[in-house]
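Order of the sequence lines sets the chain letters (A, B, ...), proteins ahead of strands, with each chain counted from 1. Owing to the predicted nature of the structure, the values given are computational and were not obtained by experimental measurement.
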Amino acid sequence: MTATTLDRSNLKEIVARRVARELRDGDFVNLGIGLPTLVPQFLPTDVRVTLQAEVGMVGAGPCPEVDADPRYVVDAGGKPASIRIGGAFIDSVTSFTLIRGGHVDATVLGALQVDSEGNLANWIIPGKMVPGMGGAMDLVVGAKRVIVAMEHTQRGEPKILPRCTLPLTALGCVNLIVTEMGVIEVQPYGLLLTEINPDLEVADVVAATAAPLRISSSLTVML
Amino acid sequence: MTATTLDRSNLKEIVARRVARELRDGDFVNLGIGLPTLVPQFLPTDVRVTLQAEVGMVGAGPCPEVDADPRYVVDAGGKPASIRIGGAFIDSVTSFTLIRGGHVDATVLGALQVDSEGNLANWIIPGKMVPGMGGAMDLVVGAKRVIVAMEHTQRGEPKILPRCTLPLTALGCVNLIVTEMGVIEVQPYGLLLTEINPDLEVADVVAATAAPLRISSSLTVML
Amino acid sequence: MSKLISVEDAVANISDGMSIMAGGFMGCGNAHNLVQAIIDAGLKDLTMISNDASMPGYGIAKLVEQRRVRKLITSHVGLNPQVAVQMNAGELEVELVPQGTLVERIRSGGAGLGGVLTPTGIGTLVADGKPVITVDGREYLLEKPLRADVALISGYRVDKNGNIWYRGDARNFNPVMATAADVVIVEADHLVELGDIPAEDVVTPGVFVDYIVTGGSL
Amino acid sequence: MSKLISVEDAVANISDGMSIMAGGFMGCGNAHNLVQAIIDAGLKDLTMISNDASMPGYGIAKLVEQRRVRKLITSHVGLNPQVAVQMNAGELEVELVPQGTLVERIRSGGAGLGGVLTPTGIGTLVADGKPVITVDGREYLLEKPLRADVALISGYRVDKNGNIWYRGDARNFNPVMATAADVVIVEADHLVELGDIPAEDVVTPGVFVDYIVTGGSL
């Protein structure tokens, strides 16, 4: 069975479900837009995390619980949002004191490219897409743990490279890469595949990864 | 009539009364401990200033108007204080954003020594008195206008010198010196006596001032 | 000396070519009436400093759409397609700054500091041409302070001293921008009496605020 | 995971020789019970980081009086005569830091910045041995970040998440110190329910706080 035959309908769920297992009870977490926002629904009931929204929330929704007037409460994408009871609205200075100051336990975000040294590129494709970095550069520098959650390839092209070719978001910041194909740790010597999607062979993952990939001697199935 | 015959009983009042004339309606002002705290009582009724206390008040008393529980509301000397209606309690970060950021219109404070270049010494006498600078170094660097309010001499010894001999609080920070003898502006070329206590002769002031003193061609009586 | 003035008198403080900070995050916390008044006054060639360029038709996005902006200093423009159009046409200059660096540069400008030493941006395009300072073995970029001629602030409750209380996360860049401009104008959703905002709950002390206009909130 | 613990368990986080930040200004905003518990626990050789040394018999002054402090990093010690006595006897090391620099050094430590560029102290004893950085023609001292092993915070209202609301100017250094220590302990004058402090009025978000003790205020 090869990567192309993976059921793509629940690809995002596979990634989000696995990322959820990385979070600990009490963690303070910042989730990037898109796939990472699916993570909370897969948390076990005994794992409660506090979500940060860099726009200025500690204890962001998802469920509307207190003020949810969209003129006054939005998420990082400007969409209507809400805050939990016991949360706090903070200004942007405090928001980035939390982010840059090492107070965020983990951030989960997407990537255009990641490489063997844990370098990350996720904010610009020169000449094509120049949205700006928003808070991403601060997040990946400041969070205690940086988890990339993404599809393993982009239209069949590897996104995990020996060396990023796109402009970097930060140097050596990535700790863990979670894709629909498996889980890859960034180690001082390079990338280590520690878990694999049970529908795939190691050769499938290696073929879809441009960076050299060590295979853990205790490789397990991705849950 | 010489300086020694000045009525010393109302010396502080002379200084405070004159300093009050330097403040404008709407000014945001930080007053040092001691003599400067007398200034507000000499403000005309149409001049309303907002007082800052670096401990964390915008709109500090003097009259108790809102919370005045001494466990929670103190002045920069730790004494019971109060805040006016329409004031704000701020943390120390914001307090010094105001002070260092040029948001304070004027600060009035005492001095051990001032010199011809507007250098100020008011925080330490090595080997004798080492209280610390508190917020003084920030205040004199950050306030738009620095007014020294003090007795002209210390036990007969001049405090206005060609060059400070005590460790400095800041370089070239003083704009105006108000004493019981007169008013002295710090100009690029040195010190300029612009007003004089009507009970004194110019020679009295010159004799009590170690720094070279120009006399304004439009010298007036100190009010 | 009342700080309360009309929206028209408030924007009379702005001239063509000035730099303007605008609080807000994707339009949430923009001073919507002041933005409209700037458009109505025909002001142009502005340098805007704001977290983002908002979204089409909302808040400060209108200034870009109406071509009043010559330069944008911002962290994100991805939700306002007009920015890319004008940028690619060479009509709009965009300086992209990491969000945490942007907020600290503004803070630095308001607090009288000489700049920011941040690890953010090291080894990236953001570092180009900037001094790198090593402190205790770690490298930091020296990012310069930012100030503006005018700041447009949006507040939910504002009293006559200019004290501001913000609702929700419409707060965002507003408090820091209120510290870093020569003229600070707050648009009040609700004008309240002195004392209605408890002294402890004031977020922006009125001493930072020069003018108050009313009629805020869409 | 409850953050609520006894005062004794809280000070069990502290060992001899540790660095401790203590919020407060002349004793106002000191965590009085935690101070007493440190004395009762026999802790010593502490490095204290605080705005001042308070006044005789009040708050953190007691730590000096009981000779538990080896080094003080502070802006003012003039109201606590014991400091001069011990300093002159060579028993207590005192590092004097301008108040605005002290608060920014702590902020810098809590915000992940590489230090502070401040005009304060240029041309004075404070500048001795420190790098001077010129930005746009003006000189600034580079002052290093400060962090501590433990921060002792005093809050008026504290909820179970650790969100803090401060009364009066007992606030002072407390919020910034809550960002800059490995272990942050808040002494609550009043423990309240989640939601009792409106989300907008939280000054220190609970994520900065590790432990809560009750029974605060003298």
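Counting heavy-atom pairs closer than 4.5 Å to chain D, the top residue among A/Thr97, A/Val104, A/Val141 is A/Thr97. For chain D, the option among A/Leu98, A/Ile99, A/Ile90, A/Thr94 with the highest count of heavy-atom pairs below 4.5 Å is A/Leu98.
How far CD1 of A/Ile83 is from CD of D/Glu200: 7.5 Å, rounded to the nearest 0.5 Å. Interatomic distance, D/Asp159 CG to A/Ile85 CD1, rounded to the nearest 0.5 Å: 11.0 Å.
Shown here is A/Ile33, whose CD1 atom has no more than 12 heavy atoms of other residues, nucleotides or ligands within 6.0 Å. At most 12 heavy atoms of other shown residues, nucleotides or ligands fall within 6.0 angstrom of atom NZ in A/Lys79. Within a 6.0 Å radius of OH in D/Tyr211, no more than 12 heavy atoms belonging to other residues, nucleotides or ligands are found.
Of the possible polar contacts, none joining the D/Asn163 side chain to the A/Ala88 backbone as a donor-acceptor pair under 3.5 Å is found.
With sequence neighbours excluded, the residues forming a ring pair (Phe, Tyr, Trp, His ring centres under 6.0 Å) with D/Phe208 are A/His103, listed by chain and number. Remark: D/Asp189 engages no residue in a salt bridge (Lys or Arg N to Asp or Glu O under 4.0 Å) (not counting sequence neighbours).
Residues of residues 100-124 of chain D having a heavy atom under 4.5 Å from any heavy atom of chain A, listed by number: D/Arg107, D/Gly110, D/Ala111, D/Gly112, D/Leu113. Residues of residues 12-26 of chain A that come within less than 4.5 angstrom of chain D, heavy atom to heavy atom, are A/Asp25, A/Gly26 in numerical order.
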